[in-house]
Amino acid sequence: MSHIEEDARLMAAALSFSRRSLGLAAPNPSVGALVVKDGLIVGRGVTGQGGRPHGEVLALEEAGELAKGAMLYVTLEPCSHHGKTPPCVDAIIAAGIARVVSAIGDPNPKVAGEGYRRLREAGVEVVTGVCEEEARRLHLGHFLCVTAGRPMVTLKLAETADGYAADVPGAPRLVISGELTYSFVHMQRALYDAILIGSGTALADDPLLTVRLPGLEARKPLRVVLDTKLLLSPASWLAVTATEVPTLVVAGDGADGEAVKALEAKHVEVATVPCDKAGHVDLNAALRLLAGRGITRVLSEGGPHLGAALIAAGIADEVLILTSQKSLGREGLPALDAAANARLADETHYRFAETRILGEDRLMRYERTL
């Protein structure tokens, strides 16, 4: 195996390991690091809960004396500035690492190549750009918070075989997906910092939006409702369980004060942002609000209207379409309108990434063109 192939193989392992802290590492990216010596992995690390410790430090600690003369594979440029902890480059140099292989540079102005420069000045061999595209996708939330002031957004929609997300208004709630898809969605929730819906979904479905899988009960992503006029009932599941799971309602400017008080009495946090020209909560303003709270990854489980708005605004960075084998067999609410479907099919906006089977359902995944 060539040096290039070996670097790619080990970086793929580091990227896989870094996924362990998705949904836990915010406000920092979930960075994976491997210390490799004589072809063996002697240390592994991934960003800790709440962003500390960094993955590099944990990998070096596990490697101990074996780090001297070893190689470090890391999914993001090591930090070079003093924050809540000392710079990772200092720990790497002190450990005696001989070669650092990094997937991608950090756009944070406090790093932005300075980590690589300091390592090279200390005599460490530095190789960059290994599995760069995969790392960019993995750390997209961090990149967007730095460059665009917003978290990354994954849009999840379920549809019947004939393309509907819901029955006609007033009909019983439509059960679309099977058990395996149900588990998949809950696993996805565990990988995000926040779950986002609109007021329409909140009122129609009265969801919990919690992670309900054995062993993952401690995962409690922030539940966010975009609710321009504060229509969410204090008797809803979201409000009733707000003491157990953090819940934020984002309303439009000038929201009713009594409605605010009623929700806050249930321990629901209420924040306001400007409205867009259509009179709805401005999506970009809401996402900037979340980024300001340290949120880097958002899973949208809202309905067709929110989904179409996210795609139209170019802020649905990943789209998951879960299609059942069952048809509604009559007119209902389309999962996506014609404009959203056309944008998904346009390679200048989105690229088809993968398809897989989940029991009786099919997953289609799209990535926004970067």
Side-chain angles (χ1 to χ4, degrees), residues 13-32 44-53 55 58 62 138 141 151-159 165 173-197 201-202 205-225 236-248 266-268 294-303 318-326 354-365:
L15 288 164
S16 180
F17 195 65
S18 71
R19 292 182 175 89
R20 293 192 177 197
S21 276
L22 290 178
L24 295 174
N28 289 339
S30 179
V31 176
R44 300 185 304 172
V46 64
T47 308
Q49 188 166 353
R52 298 290 188 281
L58 292 172
E62 185 174 282
L138 181 69
M152 71 86 67
V153 178
T154 293
L155 167 64
K156 186 276 293 181
L157 287 169
E159 64 175 8
R173 181 178 177 181
L174 188 62
V175 178
I176 297 175
S177 303
E179 284 299 315
L180 188 57
T181 299
Y182 173 88
S183 297
F184 170 80
V185 170
H186 280 258
M187 180 60 74
Q188 290 299 300
R189 289 177 182 174
L191 301 177
Y192 287 81
D193 310 323
I195 312 299
L196 175 72
I197 62 171
T201 297
D205 296 346
D206 194 18
L208 267 174
L209 301 180
T210 53
V211 179
R212 299 189 295 279
L213 287 177
L216 293 178
E217 295 86 358
R219 299 281 184 116
K220 295 182 179 182
L222 175 70
R223 304 179 299 186
V224 183
V225 183
S236 66
W237 277 115
L238 289 169
V240 169
T241 59
T243 55
E244 305 163 21
V245 184
T247 307
L248 169 68
K266 293 290 187 177
H267 302 280
V268 174
I295 299 294
T296 65
R297 292 170 52 82
V298 174
L299 176 64
S300 172
E301 294 196 41
E318 184 178 57
V319 180
L320 307 178
I321 306 292
L322 295 158
T323 305
S324 170
Q325 291 185 14
K326 298 176 290 186
E354 68 168 314
T355 184
R356 71 174 89 159
I357 299 300
L358 298 173
E360 297 181 353
D361 305 321
R362 183 180 76 248
L363 166 67
M364 304 281 281
R365 185 170 69 86

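Residues Thr296 and Pro27 approach most closely at CG2-O, 3.7 Å, considering heavy atoms. Smallest separation of non-hydrogen atoms from Leu15 and Ser18: O-OG, 2.6 Å. Closest non-hydrogen pair, Leu216 versus Ala190, comes out as CD1-CB, 4.1 Å. The shortest non-hydrogen separation linking Arg223 to Leu238 is NH2-O, 3.1 Å. Across every non-hydrogen atom of Ala26 and Asp193, the tightest pair is CB-OD2, 3.4 Å. Minimum interatomic distance between Pro207 and Thr201 (heavy atoms only, all atoms of both residues): CD-O, 3.9 Å.
Residue Lys326 places its NZ atom among more than 12 non-hydrogen atoms of other residues, nucleotides or ligands, all under 6.0 Å distant.
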Fill in: Derivation of the side-chain contact (heavy atoms from CB on, under 4.5 Å) call for Glu318 and Leu320
CA-CA 7 Å; Glu318 184 178 57; Leu320 307 178; 4.3 Å; yes
Practice prompt. May I have the step-by-step check of side-chain contact (heavy atoms from CB on, under 4.5 Å) for Leu209 and Arg189, ending in yes or no?
Written response: CA-CA 8 Å; Leu209 301 180; Arg189 289 177 182 174; 3.9 Å; yes
Practice prompt. Applying side-chain contact (heavy atoms from CB on, under 4.5 Å), run through Arg356 and Phe184 and close with a yes or a no.
Written response: CA-CA 12 Å; Arg356 71 174 89 159; Phe184 170 80; 3.9 Å; yes
Practice prompt. Give the intermediate values and the outcome of side-chain contact (heavy atoms from CB on, under 4.5 Å) for residues Met187 and Leu213.
Written response: CA-CA 7 Å; Met187 180 60 74; Leu213 287 177; 4.1 Å; yes
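A donor-acceptor pair under 3.5 Å links the side-chain atoms of Lys220 to the main chain of Glu244, judged by distance alone.
When side chains are defined from C-beta on, Leu22 does not count as touching Tyr192, because their heavy atoms never get closer than 4.5 Å. Put simply, the side chain of Arg365 does not reach to within 4.5 Å of the side chain of Thr355, judged on heavy atoms. Between Ile197 and Ser300, the closest side-chain pair of non-hydrogen atoms is not below 4.5 Å. The shortest side-chain heavy-atom distance between Leu322 and Lys156 falls under the 4.5 Å cut-off.
The distance from atom CE of Met152 to atom CD1 of Ile295, rounded to the nearest 0.5 Å, is 13.5 Å. With rounding to the nearest 0.5 Å, the separation of CD in Gln188 from CG in Leu363 is 8.0 Å. Atom CD1 of Ile357 sits about 9.5 Å away from atom OG1 of Thr181, to the nearest 0.5 Å. To the nearest 0.5 Å, atoms CG (Leu191) and CG (Leu24) are separated by 9.0 Å. Atom CG of residue Leu222 and atom OG1 of residue Thr247 lie 7.0 Å apart, to the nearest 0.5 angstrom. Atom CG of Asp205 and atom CG of Leu174 lie 10.0 Å apart (nearest 0.5 Å).
Between Arg219 and Glu217 no salt bridge is recorded (no basic side-chain N to carboxylate O distance below 4.0 Å).
A donor atom on one side chain and an acceptor atom on the other are not found under 3.5 Å apart for Thr47 and Asn28. No side-chain N or O of Asp206 forms a donor-acceptor pair with one of Ser236 less than 3.5 Å apart.
Ser21 is linked by a side-chain contact (heavy atoms from CB on, under 4.5 Å) to Ala25, Ser30, Val46, counting only residues two or more places apart in sequence or in another chain. Here Glu62 pairs with nothing under the salt bridge (Lys or Arg N to Asp or Glu O under 4.0 Å) rule; sequence neighbours left out.
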